[in-house]
Novice: 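Got a structure for you, questions after.
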Amino acid sequence: MKFYILTLFPEMVMQGLSASILGKAAQRGAIAVEAVNIRDYTKDKHLKVDDYPYGGGAGMVMQAQPIFDAYQAVRERIGYVPRTIYLTPQGPVFHQAMAKAMAKEEDLVFLCGHYEGVDERVLEEIVTDYVSIGDYVLTGGELPAMVMVDAISRMVPGVLTNEESGLRETFEGNLLEYPQYSRPKVWRGKEVPSVLMSGDHKKIEDWRREQSVLRTKKYRPDLLKKADLTIKEKAVYGVNEI
Ligand code: SAM
C-alpha cells in the first residue's frame, strides 16, 4: 500500500514515519510513504503557496493551484482517481474501523492543511473524505496524517510481524484490551496476577476477557454498549443499566 502526503513540510512527515515498525515495514516493501511538497508545484515566482482570505479575517489560506497540481501529479502517476483525505477538525473523527477499511486501498492521498486552512474550491475538486483526529484544533494536518498513516499501516498485512497483535487489541469488538505484564514476576511489591502463570490457557482467556469487559466499563462505558457481549455477560456486568 502506498501513502502520498501532500504537505508544505515533507521532512516532518518523512522523519516521523521512517522510524521503528513503519520504517521496517517500508524497507520490506509492505508499505511506502511519499511526501509530496506542495511548494514544488506553485507557479508563483516567489514560491508563495498562500494568500489573504477574501472577505477579510485573520491568517492566510492555502491556495488552490499548487495543491491541485501536486494532486494531479500523483493521480497521473498512479493512473486512477485515488481516495483523497483532507485532514480537518471539521470532519468525522477517525476511529479503528475507518483505519481497517482504508487499509484495503492500494493508494491513499492525504492533504495537510496549514494556516487558516485551504481554498474550498480545491477541496471540492479532489477530496473524497474529510477526517478529523479529534475535537481540537492543531496548527497543521501533518500530525493528523501521521496518526492516520500509522493506524492504517498496522492493518495492512505484513506490517506487524505478529499479525495476532493487530487482531486482538483495543477496539476489537468494541472492547479495550486486557492489562499486560512482563518480567519480573514481582516489581515494587506488585505481583503479576497468578492466573497468567498457571499455564491454563482456558483460564487465562477467561481472565483476559473479564478484564477487557471491566476495563471498558470503567474507562469507556460508551463503547461497552456497542460491544460484542453474550447475554450472560451483559447481565453479569450490568451493561443494560449503563
Ligand atoms: N480554520 C480552520 C477551522 O477552524 O476549521 C482550522 C485550520 S487549522 C489551524 C490548520 C490545519 O490543521 C487544517 O487545515 C487541518 O489540515 C489541520 N488540522 C487542525 N486540527 C485538526 C484536527 N483535529 N484533525 C485533522 N486535521 C486538523
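Every number for a ligand or one of its atoms is a count from 1 in the order of the listing.
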Novice: Side chain, backbone, both or neither: which applies to Pro144 and ligand 1 if a contact is any heavy-atom pair less than 4.0 Å apart?
Specialist: side chain
Novice: How close does the nearest protein non-hydrogen atom get to atom 27 (C) of ligand 1, and which residue and atom is it?
Specialist: Pro89 CD, 3.6 Å
Novice: Give me the residue, atom name and distance of the protein heavy atom closest to atom 1 (N) of ligand 1.
Specialist: Glu116 O, 2.8 Å
Novice: Between Arg209 and Glu233, does at least one N-O distance fall below 4.0 Å, as a salt bridge requires?
Specialist: yes
Novice: Just let me know how Thr139 lines up against ligand 1, side chain, backbone, both or neither, with a heavy-atom cut-off below 4.0 Å.
Specialist: backbone
Novice: Look at Lys202 together with Asp200 and state whether they make a salt bridge at an N to O cut-off of under 4.0 Å.
Specialist: no
Novice: What do you reckon, does Val137 have a nitrogen or oxygen under 3.5 Å from a nitrogen or oxygen of ligand 1?
Specialist: no
Novice: Are Lys43 and Asp69 ion-paired here, with the side-chain N under 4.0 Å from a carboxylate O?
Specialist: yes
Novice: Note the single closest protein heavy atom to atom 8 (S) of ligand 1, along with its residue, its atom name and the distance in Å.
Specialist: Leu138 O, 3.3 Å
Novice: Looking only at protein heavy atoms, which one is nearest to atom 3 (C) of ligand 1, and what is the separation?
Specialist: Gln90 NE2, 3.7 Å
Novice: Any salt bridge linking Glu210 with Arg215? Criterion: basic side-chain nitrogen under 4.0 Å from a carboxylate oxygen.
Specialist: no
Novice: Please say whether Leu87 places an N or O atom under 3.5 Å from an N or O atom belonging to ligand 1.
Specialist: yes
Novice: With the 4.5 Å side-chain cut-off for hydrophobic clustering, are Leu138 and Tyr130 part of the same group?
Specialist: yes
Novice: Counting only heavy atoms, tell me which of Tyr115, Tyr86, Tyr130, Phe94 gets closest to atom 13 (C) of ligand 1.
Specialist: Tyr86
Novice: Would you mind checking if Glu169 and Arg154 are paired as a salt bridge, meaning a charged N to carboxylate O distance below 4.0 Å?
Specialist: yes
Novice: May I ask you to identify, for Thr88, whether its side chain, its backbone, both or neither come under 4.0 Å of ligand 1 on a heavy-atom basis?
Specialist: backbone
Novice: So, Lys48 and Asp51, do they make that salt bridge, N to O below 4.0 Å?
Specialist: yes
Novice: Under 3.5 Å, N or O to N or O, is Ile133 touching ligand 1 that way?
Specialist: yes
Novice: What residue and heavy atom of the protein are closest to atom 23 (N) of ligand 1, and at what distance?
Specialist: Tyr136 O, 2.8 Å
Novice: Are Glu241 and Lys234 close enough for a salt bridge, meaning some N to O gap below 4.0 Å?
Specialist: no
